[in-house]
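Nothing here was measured: the structure is a model prediction, and the numbers come from that model.
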Amino acid sequence: MKFKKMLAGVTAIAALFLCTQIANADKGDQGADNSGDYQGATFVRGQGSDKFGITQIGGYYDGSFHEQKYYNSQVSTGIAQGLRMHTYIYSQFSTKSQADEMLNYYLPKVQTPKNSIVALDVESGSPTTEAVQYALKKVKDAGYTAVLYGYKNFLTTHLDLSSLSAQYPLWLAEYPDYNVTTSPNYNYFPSFDNIGVFQFTSTYKSGGLDGNVDLTSLTNNGYKGTTTSTQGGVAVKTDTTTSAVKEGQKANNTSKSAITNGYTVKVNFSASKWSNGTSIPSWVKGKSYEVIQTSGDKVLLGGILSWINKSNVEILQTSSQTTSQNSSASVSGTFTDGSYVIHREDGYFTPNQTLRVFAYPGVQPTGAKYYAGEPVKYDGYIVRGNYVYASYLTNGGYHHYIAVRQNGVALGTFK
């Protein structure tokens with residue numbers, strides 16, 4: 001969550017007790033939690049096997065609000081990936097009146113289904129048991145599964161956690177280090193009553209991502225309805241719908257044959273080869289990109305400007321969804337340079353050969369060149385004929401262009 005802390009371990013007895021719990025019935029699903037300010041417009045999962053996701057709608061800081069601008073699109077793109085999506089609120093409050101102010105503002109904005117988790121993230125400030133209990137009841141009365149999130153040491157220091165956990169499930173966090181961890185280490189399980197979800201790492205994948213395990217099937221709440229999928233993936237079943245849920249289901253029900261420019265797609269974790277037969281780097285898998293060009297059963301991905309077969313991607317947003325939600329995984333709008341409309345995108349390109357610099361895409365060479373191994377920071381791209389040109393800003397404030405891909409073949413590497 002917002003603050004990360006190293007916490008002490010617990011005894012092997014607690015770990016043994018937990019393993020016994022997980023062996024029962026339908027438990028043990030894993031999933032990530034995201035914050036729109038950090039993970040961006042599309043929900044990021046840690047592994048292809050993830051079954052649920054939890055995303056932040058916003059924060060409350062003793063009277064101040066901070067909304068997560070990508071909350072809606074994270075819910076919809078999580079649903080599109082077949083995840084059971086849930087919500088959390090960063091909750092720094094200490095009175096009932098503050099609880100009312102916070103929840104009267106956020107509860108009407110919740111986009112996950114009724115009965116889904118709405119967790120209060122209590123890890124800072126001066127919370128009181130009375131105020132937290134009041135807030136959890138308010139969440140429950142609104143028709144959601146009220147859950148208290150936090151670090152055991154903080155919660156037990158400030159609250160009567162035993163009385164709270166007797167009424168509401170807990171989502172507790174504890175981990176020994178910041179090494180990439182893809183499965184729970186129960187030697188660091190924060191043993192307590194009624195723990196529904198265990199956040200076992202903040203580095204579920206390289207670069208950082210919170211990883212969680214469902215211990216009691218709590219993340220099934222809100223997902224017992226019916227829906228269908230034509231993508232061939234697993235479509236979630238929801239108790240109720242919201243606009244974000246409908247957007248996710250729309251993407252999930254769109255055939256891959258319909259993918260066109262403007263769609264946002266995720267590279268499948270199982271994908272191994274680009275359409276030209278070269279290996280897909282591991283850091284690309286699970287990431288999402290805008291489709292900037294199609295050719296038969298292949299699509300060209302913005303951001304890395306690589307062709308991939310449609311069978312190796314999953315639709316997260318259709319073009320109309322991307323426009324309506326004002327969000328994209330890798331591109332943020334366009335800008336014009338004379339009569340040219342350039343797709344905005346930031347990155348670095350390093351040529352593997354000498355490339356000419358143009359005043360306009362493929363037109364009017366400037367005489368300057370970029371040489372093999374000489375990186376250029378670009379801020380956009382344009383597709384013209386068989387070429388993709390990257391644009392960059394010169395010291396004089398003008399945009400110049402170099403070809404970065406010809407007939408689908410990269411003329412260097414991208415970062």
Side-chain angles (χ1 to χ4, degrees), residues 26 28-34 39-53 74 76-85 180-184 201 203-214 219 223 227-237 248-260 263-318 329-330 408 410 413-414:
D26 178 23
D29 285 350
Q30 292 184 194
D33 62 82
N34 281 201
Q39 274 78 32
T42 58
F43 189 85
V44 177
R45 62 201 299 176
Q47 302 181 78
S49 57
D50 284 355
K51 296 295 193 298
F52 67 89
Q74 284 201 357
S76 67
T77 56
I79 293 290
Q81 294 178 68
L83 299 174
R84 305 188 298 268
M85 292 300 298
V180 173
T181 304
T182 57
S183 59
T201 184
T203 44
Y204 198 29
K205 62 189 295 185
S206 179
L209 183 70
D210 292 338
N212 306 272
V213 59
D214 182 348
T219 62
Y223 291 90
T227 188
T228 58
S229 171
T230 56
Q231 276 202 73
V234 177
V236 295
K237 302 175 180 180
Q249 290 173 336
K250 176 182 176 182
N252 214 345
N253 287 314
T254 300
S255 171
K256 292 183 182 181
S257 63
I259 297 176
T260 188
Y263 275 40
T264 298
V265 299
K266 182 198 71 181
V267 177
N268 291 338
F269 283 90
S270 59
S272 59
K273 302 289 185 181
W274 296 117
S275 60
N276 63 4
T278 59
S279 296
I280 297 176
S282 58
W283 59 267
V284 171
K285 299 178 182 181
K287 292 189 69 174
S288 53
Y289 302 91
E290 184 184 33
V291 173
I292 61 173
Q293 194 173 348
T294 63
S295 177
D297 62 354
K298 300 181 297 183
V299 295
L300 180 62
L301 304 179
I304 51 176
L305 301 180
S306 297
W307 288 93
I308 189 171
N309 290 335
K310 290 180 179 179
S311 60
N312 284 324
V313 300
E314 182 176 12
I315 300 171
L316 300 188
Q317 292 177 310
T318 67
S330 56
T413 57
F414 299 88

My understanding is that only one of Thr264, Val313, Val284 makes a side chain to side chain contact (heavy atoms under 4.5 Å, CB included) with Tyr289; could you say which?
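Among the candidates, only Val284 passes.
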
Separation of [Y] [atom2] from [X] [atom1] (nearest 0.5 Å):
X      : Y      : atom1 : atom2 : answer
Leu209 : Asp33  : CG    : CG    : 7.0 Å
Ser255 : Ile315 : OG    : CD1   : 7.0 Å
Thr77  : Glu314 : OG1   : CD    : 10.0 Å
Asn252 : Ile79  : CG    : CD1   : 9.0 Å
Ser270 : Lys285 : OG    : NZ    : 8.0 Å
Thr219 : Arg84  : OG1   : CZ    : 3.5 Å

Begin from the C-alpha positions of Phe43 and Met85 and carry the test side chain to side chain contact (heavy atoms under 4.5 Å, CB included) through to its verdict.
CA-CA 10 Å; Phe43 189 85; Met85 292 300 298; 3.6 Å; yes

Heavy-atom closest pair, residues Ala32 and Gly46
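Reported closest heavy-atom pair: CB-N, 4.2 Å.
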
Tyr204 and Gln47: which non-hydrogen atoms are nearest, and at how many Å?
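Distance-wise, the nearest heavy atoms are OH-NE2, 2.8 Å.
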
Please check if any side-chain donor atom of Thr42 sits under 3.5 Å from a side-chain acceptor atom of Ser288, or the reverse.
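Judged by distance alone, the side chains do pair up.
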
In sequence, state the C-alpha distance, the side-chain angles, and the governing distance for Asp210 and Thr201, and then conclude on side chain to side chain contact (heavy atoms under 4.5 Å, CB included).
CA-CA 6 Å; Asp210 292 338; Thr201 184; over 6 Å; no

Could you give me the CA-CA distance, side-chain angles and deciding distance for Gln30 and Lys51, then say whether side chain to side chain contact (heavy atoms under 4.5 Å, CB included) is met?
CA-CA 6 Å; Gln30 292 184 194; Lys51 296 295 193 298; over 6 Å; no

Is the backbone of Val265 close enough, under 3.5 Å, to the side chain of Gln317 for a donor and an acceptor to pair up by distance?
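No, Gln317 side chain to Val265 backbone: no donor-acceptor pair under 3.5 Å.
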
Answer yes or no: is there a donor N or O on one side and an acceptor on the other, between the side chain of Lys273 and the main chain of Ile280, under 3.5 Å?
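It does not hold such a pair.
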
Would you say Phe269 and Ser282 make side-chain contact, with heavy atoms under 4.5 Å?
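SC-SC contact between Phe269 and Ser282 ruled out.
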
Hey, does Tyr263 have a side-chain heavy atom less than 4.5 Å from the side chain of Leu316?
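With C-beta onward as the side chain, the pair stays apart.
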
Using the salt bridge (Lys or Arg N to Asp or Glu O under 4.0 Å) criterion, which residues pair with Arg45? Sequence neighbours excluded.
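In terms of salt bridge (Lys or Arg N to Asp or Glu O under 4.0 Å), with neighbours along the sequence ignored, Arg45 is linked to no residue.
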
For residues 296-312, tabulate all N or O donor-acceptor pairs below 3.5 Å that involve a side-chain atom, not counting sequence neighbours.
unit_1, atom_1, unit_2, atom_2, d
Ser306, OG, Ile304, O, 3.1
Ser306, OG, Arg405, NH2, 3.4
Lys310, NZ, Ser257, O, 3.4
Lys310, NZ, Gly296, O, 3.4

